[in-house]
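Side chains included, hydrogens not; waters and symmetry mates left out as well; all remaining heavy atoms used.
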Amino acid sequence: MSRKNKFDLTKLANIGLVKDGDPLLFVSDPSKKCFVHRSHHGEFKVLVNGSETTIHGFVGSCLGQEPPIHASKWLKLESGRLLYDLWQNSLDGED
């Protein structure tokens, strides 16, 4: 995978696919959730119980181990759309 196609939550927020404050639900247990958060550096991370982390960090804490597949496959929007699918759809049309 090229560096250009690396997962980037900030890009998803900048193109309007997620917004600051949107909840992201853990697929296996929707009671576990985090919230999209714009950090003071302008990058988007997630908030969990008031602490800023990455989606990879949040998913790892929910699983108790490193995610066996991309962390974005373990999170969904309240609408049910997987974060991974939003990311892949955002890559359509890129070189």
Legend entry - Contacts of E66 that satisfy side-chain hydrogen bond (donor to acceptor under 3.5 Å, both in side chains) - sequence neighbours left out: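 Testing E66 for side-chain hydrogen bond (donor to acceptor under 3.5 Å, both in side chains), a comparison that skips the adjacent residues, returns H56.
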Shortest non-hydrogen contact from [X] to [Y]?
| X | Y | result |
| --- | --- | --- |
| L91 | K11 | CD2-NZ, 4.1 Å |
| T53 | K45 | O-CB, 3.2 Å |
| Q65 | P68 | NE2-CD, 4.3 Å |
| V59 | P67 | CG1-CG, 3.7 Å |

Inset, instruction - Give, for atom CG of L75 and atom SG of C62, the distance between the pair rounded to the nearest 0.5 Å. - result: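 Rounded to the nearest 0.5 Å, the CG-SG separation comes out at 7.5 Å.
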Inset, instruction - First locate atom CG of D85, then atom NZ of K76, and finally report the distance between them rounded to the nearest 0.5 Å. - result: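 NZ of K76 is found 12.5 Å from CG of D85.
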Inset, instruction - Report yes if the side chains of T54 and F58 come closer than 4.5 Å at any heavy-atom pair, otherwise no. - result: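 With C-beta onward as the side chain, the pair stays apart.
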Legend entry - Heavy-atom check, side chain of W74 versus side chain of I69, under 4.5 Å: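 Yes. Closest side-chain heavy atoms under 4.5 Å.
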Under 3.5 Å, which donor-acceptor pairs link side chains of residues 15-34 to any protein atom two or more places apart or in another chain?
residue : atom : partner : partner atom : Å
D20     : OD1  : R38     : N            : 3.2
D22     : OD2  : K19     : N            : 2.8
D29     : OD1  : S31     : N            : 3.1
D29     : OD1  : S31     : OG           : 2.6
D29     : OD2  : S31     : OG           : 3.4

Inset, instruction - Give the C-alpha distance, both sets of side-chain angles, the deciding distance and a yes or no for side-chain contact (heavy atoms from CB on, under 4.5 Å) between F7 and I55. - result: CA-CA 10 Å; F7 181 82; I55 65 157; 3.5 Å; yes
Legend entry - L9 with L47, same ILVMFWY side-chain cluster at under 4.5 Å: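 As far as the 4.5 Å side-chain criterion goes, L47 and L9 are not connected within one cluster.
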Legend entry - Same cluster (ILVMFWY, side-chain, under 4.5 Å), L86 and L82: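 No: no chain of side-chain contacts under 4.5 Å links L86 to L82.
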Inset, instruction - Take L12 and L83 through the side-chain contact (heavy atoms from CB on, under 4.5 Å) test and state the conclusion after the steps. - result: CA-CA 9 Å; L12 294 181; L83 194 57; 3.9 Å; yes
Legend entry - ring-ring contact (aromatic ring centres under 6.0 Å, His included) contacts touching residues 27-49 (sequence neighbours left out):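 Passing the test, one end in residues 27-49: no pairs.
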